[in-house]
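Each remark here refers to the structure printed beneath this line.
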There are 2 protein chains.
Amino acid sequence: MGKYVYFFGEHKADKQLLGGKGANLGEMIRIGLPVPPGFTITTEVCRIFMKSNSYPEGLDNEIQENIKKIEEKTGKRFGDEENPLLVSVRSGAPISMPGMMDTILNLGLNDATVKGLAKATNNERFAYDCYRRFIQMFGNVVLGMEHAKFEDILEHFKKQKEVEQDFELDADTLKSIVERYKEIIKKETGKDFPQEPKQQLDLAIEAVFKSWNNKRAITYRRINNIPDDMGTAVNVQAMVFGNLGDDSGTGVGFTRNPATGENVLYGEYLLNAQGEDVVAGIRTPKPIHELKNDIPEAFDELVKVRELLEKHYKDMQDFEFTIEHRKLYLLQTRTGKRTAVAAVKIAVDMVKEGLIDKETAVLRVDPNSLDQLLHKQLDPVAKNEAEVLTKGLPASPGAAVGEVVLTADKAKQLAESGRKVILVRTETSPEDIEGMHVAQGILTARGGMTSHAAVVARGMGKCCITGAGEITVNEKDGYFVVKGIQVNEGDYITLDGTTGEVYKGKLRVVEPELSGAFAELMSWADSFRKLKVKTNADNPHDAAMARKFGAEGIGLCRTEHMFFEKDRIVAMREMILADNLEGRKKALDRLLPMQKEDFKGIFKAMDGLPVIIRLLDPPLHEFLPKDEESIKEVAEEMDIPVTTLKEKVESLHEFNPMLGFRGCRLSIKYPEITEMQVRAILEAAIECQEEGIKAIPQIEVPLVGNVKEFKLVKDIILRVAKEIGAEGKVSYEIGTMIEVPRAAITADEIAQEADFMSFGTNDLTQMGCGFSRDDSGKFLKEYVDKGIYARDPFQAIDREGVGKLMQICVEKARSVKPEIEIGICGEHGGEPSSVEFCHIIGLNDVSCSPYRVPIARLAAAQAAIKHK
Amino acid sequence: MGKYVYFFGEHKADKQLLGGKGANLGEMIRIGLPVPPGFTITTEVCRIFMKSNSYPEGLDNEIQENIKKIEEKTGKRFGDEENPLLVSVRSGAPISMPGMMDTILNLGLNDATVKGLAKATNNERFAYDCYRRFIQMFGNVVLGMEHAKFEDILEHFKKQKEVEQDFELDADTLKSIVERYKEIIKKETGKDFPQEPKQQLDLAIEAVFKSWNNKRAITYRRINNIPDDMGTAVNVQAMVFGNLGDDSGTGVGFTRNPATGENVLYGEYLLNAQGEDVVAGIRTPKPIHELKNDIPEAFDELVKVRELLEKHYKDMQDFEFTIEHRKLYLLQTRTGKRTAVAAVKIAVDMVKEGLIDKETAVLRVDPNSLDQLLHKQLDPVAKNEAEVLTKGLPASPGAAVGEVVLTADKAKQLAESGRKVILVRTETSPEDIEGMHVAQGILTARGGMTSHAAVVARGMGKCCITGAGEITVNEKDGYFVVKGIQVNEGDYITLDGTTGEVYKGKLRVVEPELSGAFAELMSWADSFRKLKVKTNADNPHDAAMARKFGAEGIGLCRTEHMFFEKDRIVAMREMILADNLEGRKKALDRLLPMQKEDFKGIFKAMDGLPVIIRLLDPPLHEFLPKDEESIKEVAEEMDIPVTTLKEKVESLHEFNPMLGFRGCRLSIKYPEITEMQVRAILEAAIECQEEGIKAIPQIEVPLVGNVKEFKLVKDIILRVAKEIGAEGKVSYEIGTMIEVPRAAITADEIAQEADFMSFGTNDLTQMGCGFSRDDSGKFLKEYVDKGIYARDPFQAIDREGVGKLMQICVEKARSVKPEIEIGICGEHGGEPSSVEFCHIIGLNDVSCSPYRVPIARLAAAQAAIKHK
């Protein structure tokens with residue numbers, strides 16, 4: 001016969017046996033923290049119960065003994081009419097299943113003990129409210145009654161009393177409600193509400209065990225691959241009350257300041273109150289240091305608790321406490337949430353205090369939170385007072401203030417005269433690039449986290465909010481409307497790209513401060529990481545900025561963006577519209593010197609570091625206007641018949657542009673485009689070398705699916721290199737994107753020809769999972785909600801699917817060329833869990849937008865530490 | 001020192017050493033065929049020459065000796081002015097590289113020998129034309145001069161003489177041309193045209209060896225992975241002439257009748273003529289049996305040759321012969337091309353004659369050619385006399401005659417009154433289905449081999465021509481125009497779906513005859529094959545027809561086509577337009593009984609055979625009208641505001657519908673659709689069982705990419721099955737399509753949950769290779785031309801890429817469930833090389849459209865024999 005019940009702290013923290021919650025409470029007691037006494041019924045009991053629908057022998061005795069222990073420790077008695085012991089009954093599985101199973105509070109209350117509680121708290125309203133809640137929870141969870149049955153009664157009384165909130169009901173009304181609750185229970189179940197505390201407890205324990213197999217829990221486990229036979233533990237714990245007078249209270253504490261990281265006790269409390277009072281927001285809590293005057297012994301105890309917590313958990317803790325008649329109880333402690341500034345400071349401080357080592361410090365900071373440190377932020381005080389106009393998706397972090405403009409042209413015009421503008425559009429297109437460049441921030445009504453606006457803005461490190469669906473833009477008349485409010489061009493608005501909030505007017509902005517602690521932490525990170533971190537940059541400005549943030553090269557320079565500027569897009573369109581090779585070459589000849597200058601600028605910014613330049617990738621129709629009106633406009637500009645342009649637009653139309661005529665397919669059909677680009681790259685590199693700048697170009701072929709495609713394009717590149725006599729003057733490499741599934745599974749063939757490879761995981765996800773980034777919005781959210789994908793696979797690499805393709809690719813490529821350099825570019829390269837995956841499968845580098853470089857550096861370090 | 005030159009027949013047929021051509025000619029001689037004498041310079045010489053740029057010692061002696069042997073055998077002498085020996089010099093690599101290297105004919109001619117040839121042939125024009133051609137070939141191939149230099153001269157004389165064809169030039173003109181040719185050679189190369197035959201020969205041999213490394217040849221080898229160091233052989237062979245008088249001649253023979261398969265000598269010839277005369281088409285050849293009278297000894301020799309050929313090659317041979325002064329020479333023999341009827345008859349006859357075994361017979365018939373046997377054909381005589389209006393793509397084979405109709409409604413209207421119609425449309429859409437059903441054939445102006453019209457017509461086994469781009473359809477005014485000819489509704493046209501030709505008027509049609517030989521061959525095939533062959537069928541008619549053709553079940557029943565019929569599409573649209581679950585359920589309730597009837601009909605047709613039914617797959621917008629006008633129309637029909645419908649159409653618009661909201665994604669978001677379909681399937685099956693029909697439903701979930709998707713849909717299916725109490729009344733399976741790359745690489749997870757899997761290789765190709773079927777037309781042809789893909793991957797499975805994904809899938813799935821049934825449906829399932837691949841990777845079955853079932857059966861048998 002085993003032991004099935006453990007008093008808190010009596011057994012080592014064994015989550016499998018005691019569940020997560022039981023193990024934690026036990027641990028707190030074992031390190032000497034003042035926790036209300038209680039006990040855990042083990043998961044083994046649950047397993048036995050599920051199998052045999054009965055309890056093991058002796059369980060009831062063990063429960064009785066442990067109840068007695070609680071009574072001894074608290075001096076209260078279960079069912080005592082003067083000083084009743086009340087307990088909570090909670091489930092606690094070895095793996096957290098938030099919200100999946102049930103909790104019962106205030107167990108032990110009945111028609112007699114409620115009076116004792118009223119007397120002890122001197123608060124009849126409170127006592128009856130506890131009782132009402134208990135009956136309701138018990139009726140729902142234990143007796144299986146519909147929640148609505150109770151809510152209807154509650155609503156009825158609220159209407160009658162003409163109040164809106166539960167807490168506005170007085171004691172007498174609550175008494176009536178309690179009576180009605182008992183009646184409905186009798187009516188529905190045919191039995192009286194059990195008045196005997198021991199019977200209440202037995203029923204509650206059984207209900208918790210049974211809740212392991214409720215439908216919600218089963219579905220949750222099915223989707224999260226949690227074994228059904230794991231079972232849950234049950235925790236029974238004494239309730240303590242902070243509203244037993246002015247020698248009682250409740251509060252929340254932090255072992256350090258969670259906003260700044262300062263090493264002081266931090267928190268707030270309310271005297272003669274329960275936790276709910278804080279939530280209700282009727283009274284304003286006091287700062288914790290005032291407790292020294294109110295209840296000095298509790299404050300002294302808190303100071304000790306803080307030390308115990310930090311010494312044991314070696315991290316900043318956030319804890320809940322209750323003081324019952326001057327005695328401090330800790331109800332819960334967990335790792336405290338903190339701002340990025342605080343996280344960095346605490347991590348670095350703790351190393352200096354000898355609490356943790358550098359590796360631990362590096363692991364302590366959430367890489368994503370660094371965004372906060374690198375961008376402008378809204379002043380939190382100003383934010384709290386300002387009115388939120390609407391909320392969109394936080395597409396690119398930071399803060400921006402400026403006058404509203406609705407077109408890229410207007411943006412440029414105003415910016416040239418020194419004014420600060422926010423570009424607001426229904427959605428952006430490549431033609432808006434220049435306007436986006438000069439704007440402080442971008443706001444769009446449509447589009448997701450990976451829409452054009454979002455991707456480009458992140459690339460620029462510019463604050464951007466997308467998908468603000470409540471906005472309707474009226475470009476013609478120069479205003480936008482949101483919730484009936486009209487905002488005109490020229491009006492000031494403020495964006496918080498970190499939260500997606502849009503404010504009316506000018507809010508105060510705080511500049512980023514890369515403190516000494518930040519620099520120190522990053523230097524530790526760099527010493528641990530194995531992955532190189534490069535950047536995606538299409539222009540010298542971004543390249544230089546990324547280098548400042550620690551980028552070790554350019555992992556992706558997209559050349560198409562270069563073709564959208566005013567004079568270039570004209571040449572580009574002439575190229576597309578040309579009927580023959582000669583016409584195309586003429587237009588390309590005009591583009592050549594411009595491309596060359598672009599590359600020279602980038603090589604200069606990246607002097608001595610490698611630069612991967614991707615050949616033209618998008619389908620040609622992206623360079624042509626789409627709607628009737630712009631077609632007319634462009635035709636006029638180009639001085640060609642509208643029908644000619646229209647026909648070209650139609651002939652280039654694609655049903656699935658994602659799977660269309662683009663990437664290296666363009667190179668193969670129109671080698672002259674590739675010839676021009678290669679010439680521009682190599683001539684730029686040679687000229688740089690001659691000026692003493694070390695240019696290291698790596699030419700990248702996009703959308704390769706078949707080694708023969710790569711060979712053909714490689715031949716073009718080699719031929720041009722020969723034509724311009726590149727040999728001996730500059731060394732360059734030729735590699736490929738891996739974004740087509742076929743490329744990944746034939747990587748052994750491709751690696752024989754390619755000098756390097758770089759995963760385009762965005763496209764690889766689209767093709768590998770079979771959903772387009774632009775269209776999956778219709779179902780992907782639902783997929784994530786249902787747990788089909790743990791996270792949006794466009795945000796974090798889908799390790800089990802797309803990741804498997806990547807692994808296959810790496811294995812195959814390395815099997816023929818062990819030293820081949822394999823990286824990743826695109827959005828995933830700056831996302832911590834994806835960076836970790838890249839480390840695991842042995843990539844050489846990740847590349848991301850400039851502002852994500854520090855994030856990737858930290859994530860890479862964490863991955864290296866975790867997977868030593 | 002090795003031997004570098006072999007006289008024909010002197011060495012066993014070693015292709016590596018002698019090249020393909022040399023080995024073949026040698027083999028012909030060794031079995032006793034009368035072949036003009038000659039010799040082969042081995043590939044080894046080529047390899048030595050490439051390495052050292054010189055010949056091995058003794059080579060020249062060997063060549064001299066072998067020339068002497070030719071002189072002895074022919075009684076002619078190299079350079080002899082009376083009776084000159086002329087030779088051909090040809091390359092011949094171990095692997096055929098058609099058109100990649102060069103050939104020189106009539107070598108040995110010079111200013112003196114040309115006169116001898118003129119005298120011997122009594123045809124001065126012929127002699128000088130030979131000389132002219134020789135100089136031109138020599139100048140181009142050996143001296144490296146541009147072809148155009150010679151053509152310019154030729155054109156000049158043709159203009160001068162006012163003739164159009166080369167053969168219209170007289171002897172004197174040709175003499176002048178020869179002089180001019182020699183002049184231009186002198187001018188361009190600085191040297192005289194070499195008159196000495198031995199020098200001509202040496203230069204020609206060197207040129208052939210050098211041609212191994214010309215650019216064309218290198219590119220060809222690079223793309224086809226032929227090693228560069230293989231080298232080519234050179235064949236030098238005596239020329240023979242059939243124009244030396246009425247005791248000479250030339251012709252083509254077949255060892256059996258290539259049209260019918262009849263076991264008789266077949267062919268035709270011309271007296272006193274060269275092969276070119278046949279090509280020029282001036283004289284009409286005589287049937288071969290007349291040779292018995294003209295040159296009896298040659299005819300007797302031919303009869304012997306026929307026996308030798310069939311005995312040795314054990315297949316029908318197509319051979320070229322020349323008779324020079326009553327002596328028969330065979331110039332070439334190869335396996336003869338034949339009609340499908342002949343192929344089947346010859347194969348079966350040869351088994352009976354003991355020439356070949358059954359396995360060989362089964363291998364002898366091209367599965368694709370069976371199409372000819374299964375469909376109506378145009379009478380070849382009628383075809384020859386009729387006028388071709390235009391030509392499109394042969395999208396679905398067969399022949400059809402009928403009145404032109406331009407709309408599906410008109411088609412139904414006329415067909416109801418018993419008239420035969422051809423539906424002519426710009427392109428078809430799902431709404432045309434009923435019209436296509438009643439039409440004899442379908443003709444569209446746009447679309448490829450896998451357009452809607454093509455796919456549906458093949459499914460129906462209906463003659464169809466697509467992409468007839470010269471046609472412009474004017475639906476409103478009831479006619480179409482092609483090359484200026486107007487064809488009105490009601491006019492008769494005839495389609496040849498096997499060639500893509502469209503004829504004006506009614507042509508005679510021949511019904512298919514499934515002869516005894518066909519049945520016999522197919523029964524042998526069935527005894528060999530391992531793969532089961534199923535069919536893709538969406539209605540009882542197709543299912544029954546496929547069963548007649550030998551289908552062993554339905555591998556794919558698409559349920560979406562069922563929703564396009566008149567009353568159904570209305571309910572379907574109401575379902576899509578409903579704002580809430582209730583509205584959708586109401587519309588689905590109306591669809592339920594119709595779906596059930598569909599399934600009952602199919603189960604009845606397939607009594608006792610398994611039926612895979614795929615749940616709704618296409619995106620919902622496919623059921624809505626697209627253009628402004630039809631939106632208006634439908635809105636009126638449905639009695640809803642145009643804006644409502646328009647908004648819905650817009651909200652469902654997708655950038656990449658291929659990668660959009662479809663397949664199981666619909667089931668997960670709208671489980672009620674799946675519930676209705678599953679209810680219809682299972683209730684239909686139960687009712688069939690009750691009527692004594694054995695229904696074996698297999699429910700298939702489309703577009704699964706993640707096992708969790710499959711689990712969720714499976715749960716819906718199991719729930720519905722439980723609700724209607726299916727257990728014990730019908731046994732069914734639940735499986736999945738494998739069409740998303742992610743599904744293939746996580747097949748181990750999916751196989752744990754799925755009863756069966758079926759590859760949708762069309763989508764798998766689109767996603768795996770990253771090109772959409774609808775858009776890849778812009779570059780895929782070029783890809784195939786350039787050898788990037790050996791064949792269009794939508795026609796034959798891309799074994800190296802998509803095939804690898806399939807292999808990974810099969811291995812992973814079988815690793816967890818060895819007995820899992822894996823098949824393929826979609827277009828590839830009826831394509832022989834794809835069927836072979838399915839056999840190789842161990843699939844259980846293939847499924848294809850009804851008319852391709854016999855093709856798949858034969859292909860499966862061939863695969864089993866080849867890969868025993």
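Each chain gets a letter, A, B and so on, in the order the sequences are listed, and its residues count up from 1.
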Q: Drop me the distance from B/Leu652's CG to A/Lys778's NZ, to the nearest 0.5 angstrom.
A: 6.5 Å
Q.
Quick one, B/Arg742 and A/Met767 - any side-chain contact, counting heavy atoms below 4.5 Å?
A. no
Q.
For B/Asp774 versus A/Phe655, what's the shortest heavy-atom pair and its separation?
A. CB-CD1, 3.3 Å
(Q) Between A/Glu782 and chain B, with a heavy-atom cut-off of 4.5 Å, which part of the residue counts as in contact: side chain, backbone, both or neither? (A) side chain
Q. For atom NZ of B/Lys648, is the number of surrounding heavy atoms from other residues, nucleotides or ligands below 6.0 Å larger than 12?
A. yes
Q.
With chain A as the partner, which of B/Ala744, B/Cys769, B/Gly663, B/Gly777 has the greatest number of non-hydrogen pairs under 4.5 Å?
A. B/Cys769
Q: May I ask you to name which of A/Ala743, A/Gly787, A/Ser772 has the most heavy-atom pairs under 4.5 Å with chain B?
A: A/Ser772
Q: Check whether any side-chain heavy atom of A/Asn706 sits under 4.5 Å from a side-chain heavy atom of B/Tyr789, and report yes or no.
A: yes
Q.
Check this for me: B/Lys781, atom NZ, are more than 12 non-hydrogen atoms of other residues, nucleotides or ligands nearer than 6.0 Å?
A. no
(Q) Please report the interatomic distance CG(B/Leu659) to CG(A/Asn656), rounded to the nearest 0.5 Å. (A) 6.0 Å
Q: Check the pair A/Lys804 / B/Glu749 against salt bridge (Lys or Arg N to Asp or Glu O under 4.0 Å), numbers first and verdict last.
A: CA-CA 13 Å; A/Lys804 213 166 271 173; B/Glu749 296 171 16; 3.7 Å; yes
Q. Got a second to check how far B/Arg662's CZ is from A/Phe771's CZ, nearest 0.5 Å?
A. 12.5 Å
Q | Most contacts with chain A, counted as non-hydrogen pairs under 4.5 angstrom, among B/Asp763, B/Ile788, B/Ile808, B/Val802 | A | B/Ile788
Q. Looking at CG of B/Leu712 and OH of A/Tyr783, how far apart are the two atoms once the value is rounded to the nearest 0.5 Å?
A. 8.5 Å
Q: Pick one of side chain, backbone, both or neither for A/Glu739, based on which atoms fall under 4.5 Å of a heavy atom in chain B.
A: neither
**Q.** chain B contact via A/Asp715 - which portion, at a heavy-atom distance below 4.5 Å
**A.** side chain
(Q) Take a 6.0 Å sphere around CZ of B/Arg446 and say whether it holds more than 12 heavy atoms from other residues, nucleotides or ligands. (A) no
Q: Please state whether the side chain, the backbone, both or neither of A/Leu780 comes within less than 4.5 Å of a heavy atom of chain B.
A: neither
Q.
Quick check on A/Lys711: does its NZ atom have over 12 non-hydrogen neighbours (other residues, nucleotides or ligands) under 6.0 Å away?
A. yes
**Q.** Ionic contact status for A/Glu709 with B/Lys786, cut-off 4.0 Å
**A.** no
(Q) Just verifying a value: how many Å separate B/Glu654 CD and A/Met658 CE, rounded to the nearest 0.5 Å? (A) 14.5 Å
Q: Please determine, among A/Gly660, A/Ser776, A/Pro657, the option with the most heavy-atom pairs under 4.5 Å with chain B.
A: A/Pro657
(Q) Nearest 0.5 Å, please: how far is CZ in A/Phe779 from CD1 in B/Ile668? (A) 9.5 Å
